[in-house]
Amino acid sequence: MTGSAVCQTSRPIPDAGCAIEARSLHVYYGIFRALKDVDLQIERQKITAIIGPSGCGKSTMLRSFNRMNELVPSCRTEGKVMFRNRNIYDSGVDPVEVRRRIGMVFQRPNPFPKSIYENIAWGARINGYRGHLDELVEESLRLAALWEDVRDKLQQSALALSGGQQQRLCIARAIAIRPEIILMDEPASALDPIATLKIEELMRELAERYTFVVVTHNMQQAARVSHQTAFFMMDADRAGYLVEQGPTRDLFTNPRDRRTEDYITGRFG
Amino acid sequence: MSRKLVTLYTLLIVACAAMACAEPGSTTGADSGPLRAIENKGSDTLVNLALAWAEAYMNLHREISISVTGGGSGTGIAAMMNGTVDIANASREMKAEEVAAAEANGISPVEHIVARDAIAVVVNPSNPVDRLTLSQVSAIYSGQLTNWSQLGGEDRPIVLLSRESNSGTYVYFLENVIRLGRSESQLLFSPDTLLMPSSEGISVEVRQNPNAIGYDGLGYVTADQKVIALAVDAGMPYVLPSVATVNDGSYPVSRPLFMYTAGEPEGEIKEYLHWILTEGQILTGELGFVPLQ
Amino acid sequence: MHNSRWSEFAVESLIRVLGFSTVGLVALIFVFLLREGLPVLSEVALPNFLGRAWYPTFGSFGILPLVLGSVLVTVTAIAIALPLGLATAVFVREVAPGWAREILKPMIEVLAGIPSVVLGFFGMTMVAPWVRQTLGTATGLTAITGSLILTYMALPTLISVAEDALDAVPKSYRDAGLAMGATQWQTIWRVIVPAARSGIVTAAMLAMGRAIGETMAVMMVTGNAARMPTEWDALLRPVRTMTATVAAEMGEVAKGSTHYHALFAIGIVLFVITFAINMTAARAIFAKRRRGGLR
């Protein structure tokens, strides 16, 4: 970590230190523009929530941080995403390398149809991990607050776990490859309230070590869990754009933009 | 949807009706009454000759329709016994148990010798071996000789080709060549013998493979196979198969070819068989078989 | 109301009757096979029937060379077809761009429609000489020639079933693998293919069932010598399969003879083997479902 990226923010951020940053980012699917001219800074070892109405490009924004958008054949990206002083969309950058450093947890828990142990060890194996696998598995599961639940059934199928446990397993799996940033796409939307609270608690604990970017449609969740919040909307052409970004408490109590205020007070969206 | 179906059915019915009308119409063109059919089935050795006879005979007698199919002597005999064909072609005599089965069915088969056939032993044209004694052929096919160098040829393995065991030629070759006509002999085809489902299979493999040896009726030997001259014994003359050598008895491996009828033939079947035994014999020679004298 | 309930009942019964009649037909065929085939056990001593010599014209009815011949040719064919078919399925489903897939899929289906006689003729005139010249065998009509032709015939089944199995793997596994920094190949071979394993096993089993029952093409290219294929180089020698034996000899035999019963007994053995293969395939699927592994 060099940590020398310069964040250009409209509002000064205390404890400046930028993990990843989008600059003039445009994303297209075919001729449809999904994101328009986004400048967004993600602070290191903080939780940043991305909120906004359905279809405003929140997930597209998240997926452009680890080049997962490219898996859609018609997708095209303009602008820059700066990570460790480099634009990850430069021609010399290997998307596989980007994804090893920037992990992702999906909306629906998607553990592999393998044992719990293998789910965690898998990423380490393909990345040529040379350390002690058992220790890595235990450490990752402990960090994801799952160790006590599964320590006696590591060889059982991950698909036998409950939804909340599966999602924590996915978090443990992402942690095991030692990423710098973890992207989460509505990680609790498929879970019940208790499992949701556990995931939120886990994120707060892990934020001491990792940078989180969380897409959520749930404003209470954003308010509860995040340090920073970015609010997206879409214009008349349905292209998403960033309305404003700032510390969560400020944005929810004292939004600078009228549209933000309308949204968080529930007047639309 | 249902309207389409109705249309379809109507069309079908009309088509069937049209065909039903057309059938008698087509025969009225011929100069005499209804078409009389003769079913003829059996030996693949005989099938080409039987077809030639049938075509020539149908040209002479427009009122007769003869259909000819192959399948092997046993197939033809079985069909004759079941009453599904009028004439069975066979390249071997009926076995005793076949005659017994026919009689149990209330049928007494009648044998007619319709031609003679030489069985030629063939090899690839590149094979330097051109003459063998019958006991050498027997030793080759029973698996005692396995390399051409043992017979004055190149150092190559011998690949044995035969027709399937439902072929009359197979039985004849076993009894008269491999067992040398000795009824006490227990020799069999070597288990390594390739059993080909057709004469074509044998000729394709002999053409392609310098290791191969095969046998088949003389009528099936094509120019691109090399025919071996055979001798009864080491001191005797080596003779190539031909009409002349079969007729003068000098070629050692020849056999009669048969047609079987269920009971004494009558009517058009009798006339057809009579024609085969007389005028039809011209075709016999043209197709590489040996005409009856 | 009453009327609609009655028609519901009628449709339901019809479907039930049709369903059971399929089962009934299979059972009937098996009963028929048993009736025509079992008498061989009273006519031929068991050591003869399970022996090593098949000379039906001379009272030797040993089916062992025929069973081993079928097994050798079929297993070899699947051993060749499985990696090829799986690779093709992966290519078509995971790698090929859309336009290539549009061309490939119908071509694979055309492959399935080629009559086996045509393949047999192709094998006899093209593959057999190639095998003889390249592998230096005494004749080109060998077990491996039959296996190659069967490979060709098994591929369409294998590819399309394996492709369906790959297609059934949730997209989320793919996303998960890629998001963890796996390359496309790592994701395919270490996530998607293992997740589709039961479907791939089914594909191989179905292809094997098709291959072992294939007759015409095999009869034309394997040489049909009823020898024991037990040497180390048995693949390079001729072989006679069960199906070729039944097809070649059934036309000749007198109904009710020992030979006739023996051919039906071969039919029973073939039926049992095919049934066992299909049961294995079905068990692979059920076992996977029980463990909650599928999907």
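Values below: every heavy atom of this structure, side chains too, minus hydrogens, waters and symmetry copies. Here is the naming used below: chain letters follow the sequence lines, and residue numbers restart at 1 for every chain.
Contact between C:R190 and A:W122 at its shortest, heavy atoms only, is O-NE1, 3.4 Å. Contact between A:P111 and C:Y173 at its shortest, heavy atoms only, is O-CE2, 3.3 Å. Taking each heavy atom of C:M180 and A:I177 in turn, the nearest pair found is O-CD1, 3.4 Å.
If you measure heavy-atom distances from A:I126 to chain C, the contacts under 4.5 Å come from both the backbone and the side chain. Heavy atoms of A:R67 lying under 4.5 Å from chain C are absent altogether.
For A:Y117, the OH atom is densely surrounded, since the number of other residues' heavy atoms within 6.0 Å is greater than 12. More than 12 heavy atoms of other shown residues, nucleotides or ligands fall within 6.0 angstrom of atom CZ in A:F32. Surrounding CZ of A:R108 are at most 12 heavy atoms belonging to other residues, nucleotides or ligands under 6.0 Å away.
Judged as a side-chain hydrogen bond (donor to acceptor under 3.5 Å, both in side chains), the pairs with a partner in residues 137-147 of chain A (not counting sequence neighbours) are, in order, A:E138-A:R142, A:E139-A:R178.
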Could you go through residues 12-20 of chain C and list every donor-acceptor pair under 3.5 Å that involves a side-chain atom there, pairing it with any protein atom two or more places apart or in another chain?
residue, atom, partner, partner atom, Å
C:S13, OG, C:F9, O, 2.6

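At a threshold of 4.5 Å between non-hydrogen side-chain atoms, the residues A:K114 and C:P194 count as touching. Residues C:L178 and A:E70 have side chains not in contact (no heavy-atom distance under 4.5 Å, counting atoms from C-beta outward).
Here the CG atom belonging to A:N127 is positioned 7.5 Å from the CD atom belonging to C:Q186, to the nearest 0.5 angstrom.
Residues from residues 202-214 of chain A never place a non-hydrogen atom less than 4.5 Å from a non-hydrogen atom of chain C. Contacts of residues 88-107 of chain A with chain C at a heavy-atom distance below 4.5 Å involve A:V96, A:R99, A:R100, A:I102, A:G103, A:M104, A:F106, listed in sequence order.
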